[in-house]
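What follows is a short report on a single structure.
Sequence positions, counted from 1, serve as the residue numbers for this chain.
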Amino acid sequence: MALPDNAVEELVFPEIIELNVGGQVYITRYSTLTSVPDSLLWEMFSQKSTKSLARDTKGRFFVDRDGFLFRYILDYMRDQQLVLPDHFPERGRLQREAEFFNLPELVKLLAPKMSKQNSLGDEGCQSDPEESSPSADIGRNLASLGAAACPNLAPGDGKCSGFITIGYRGSYTLGRDSQTDAKFRRVARIMVCGKTSLAKEVFGETLNESRDPDRPPERYTSRYYLKFTFLEQAFDRLADAGFHMVACNSTGTCAFAHEQTDDKIWANYTEYVFYHVSQPP
């Protein structure tokens, strides 16, 4: 005999819960998500029904927040302790995430502390220890070239001196009679190489740090890329920040697109080196 409708009970939350936070998947215990009373996650997973909770296409509970910073939110909820990497550069953004998830104690731990000089103790733009290498001489030579090529560089704009390298891989098809198709240049991803503090200063929120999220500001990286795929946008941002191009290079390879035609696919990798010098006031 079938049970009446009012006898069918809503399924409770499972012990192991899958979350999709901003595209990043996390698997954790139900007890972890409800470990901080009155927090947003506690409110979400203390309900008697799951109908009001958003889910992705695979049935995972979805939260539209920063998926990479959520790892620290989840770590805090496990034992109510804050453990961050050395030179963690995202304290401000993580504090904003803690406020969203209604974790007041974590917000306090992340609040900036005033130094004895009544400042936030910013480290500024310091040289990276990795600079003590033969490539430092090459950098100084390029700096001299950049200063000579750009004598009208605006001094005293408050920005740090340094290099930013923009790299991209492109491709185009060359057909008969040297006719190209409509997709002449296809840029899959614009790479950014340089000091973290400089890259963030120039590109801001358009800089995708997902492959190197914990890089401290005074260190160098070659793993950042931009959230847009138009080279001109990158060049405009660099020009607005006072950078000038001092060098570029490109390599290419060719392959036949189809065995029965003369169409050829050319793939190339190109790098542009930009330099900015901050002159003393």
Side-chain angles (χ1 to χ4, degrees), residues 22-24 66-69 71 85 87-90 93 125-131 133-143 145-146 149-150 159-174 180 183-255 265-278:
Q24 300 298 308
D66 191 312
F68 296 99
L69 291 179
R71 73 175 80 173
H87 307 289
F88 182 67
E90 305 288 353
R93 293 175 60 183
C125 299
Q126 304 174 358
S127 60
D128 195 297
E130 293 173 347
E131 286 182 338
S133 66
S135 62
D137 294 332
I138 300 175
R140 284 190 290 269
N141 292 336
L142 277 175
L145 175 62
C150 310
K159 298 181 183 298
C160 302
S161 300
F163 293 90
I164 287 181
T165 300
I166 298 296
Y168 80 94
R169 297 184 185 278
S171 64
Y172 61 89
T173 301
L174 194 64
T180 58
K183 297 180 180 179
F184 175 78
R185 186 183 67 188
R186 290 178 289 179
V187 179
R189 181 170 290 175
I190 300 176
M191 310 301 299
V192 177
C193 306
K195 185 178 289 186
T196 298
S197 59
L198 272 180
K200 291 183 178 180
E201 183 177 327
V202 173
F203 296 108
E205 293 298 321
T206 65
L207 188 71
N208 196 322
E209 308 167 41
S210 61
R211 296 194 305 167
D212 208 353
D214 300 329
R215 174 67 59 168
E218 75 279 3
R219 306 287 285 188
Y220 289 83
T221 183
S222 61
R223 297 178 61 80
Y224 289 164
Y225 61 94
L226 300 179
K227 297 179 181 179
F228 53 80
T229 57
F230 292 95
L231 284 170
E232 292 75 13
Q233 285 181 262
F235 295 163
D236 286 344
R237 285 181 172 266
L238 286 160
D240 292 342
F243 282 78
H244 294 258
M245 187 168 64
V246 296
C248 67
N249 67 81
S250 181
T251 60
T253 58
C254 176
I265 296 178
W266 284 88
N268 66 295
Y269 178 74
T270 305
E271 286 187 340
Y272 301 91
V273 182
F274 290 82
Y275 179 69
H276 179 277
V277 60
S278 180

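Using modelled atom types, no side-chain atom of Arg237 and backbone atom of Ala234 make a donor-acceptor pair closer than 3.5 Å. Remark: the backbone N or O of Cys193 is not paired with any side-chain donor or acceptor of Ser222 at under 3.5 angstrom. A donor-acceptor pair is defined here as one N or O able to donate and one able to accept, closer than 3.5 Å; such a pair exists between the side chain of Arg215 and the backbone of Tyr220.
Counting only heavy atoms from C-beta outward, the side chains of Phe243 and Ile166 never approach each other to under 4.5 Å. Side-chain contact between Phe203 and Leu238 is present, with at least one heavy-atom pair separated by less than 4.5 Å. Residues Asn208 and Leu226 fail the side-chain proximity criterion, which asks for heavy atoms closer than 4.5 Å.
Residues Leu198 and Ser161 share a closest heavy-atom pair of CD1-O, 3.8 Å. In plain terms, the two heavy atoms of Val202 and Ala241 that are nearest each other are CG2-CB, 4.0 Å. The heavy-atom pair separating Ala199 from Val192 by the smallest distance is CB-CG1, 4.1 Å. For Phe163 against Val246, the heavy-atom pair with the smallest separation is CE2-CG2, 4.4 Å. Residues Lys227 and Glu205 approach most closely at NZ-O, 3.0 Å, considering heavy atoms. Nearest heavy atoms, Pro89 versus Pro213: CG-O, 4.3 Å.
Considering only residues two or more places apart in sequence or on other chains, Asp236 meets the salt bridge (charged side-chain N to carboxylate O under 4.0 Å, His left out) condition with none of them.
Annotation: the span from Tyr275 atom OH to Ile164 atom CD1 amounts to 12.5 Å, rounded to 0.5 Å. Atom-to-atom distance recorded for Glu209:CD and Tyr224:OH is 4.5 Å, nearest 0.5 angstrom. Going from atom CZ of Arg223 over to atom OG1 of Thr196 covers 12.0 Å, rounded to the nearest 0.5 Å. Of the inter-residue distances, the one linking Thr251 atom OG1 with Arg169 atom CZ reads 7.5 Å to the nearest 0.5 angstrom. For the atom pair CZ (Arg219) and NZ (Lys195), the distance works out to 10.5 Å, reported to the nearest 0.5 Å. To the nearest 0.5 Å, the span separating CG on Leu207 from CD on Glu201 amounts to 12.5 Å.
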Checking Lys200 against Glu90 for the salt bridge (Lys or Arg N to Asp or Glu O under 4.0 Å) test, could you report, in this order, the C-alpha distance in whole Å, the side-chain angles of both residues, the deciding distance, and whether it holds?
CA-CA 11 Å; Lys200 291 183 178 180; Glu90 305 288 353; 3.2 Å; yes

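Ring geometry for Phe235 versus Tyr272: interplanar angle over 60°, hence perpendicular rather than tilted (30 to 60°).
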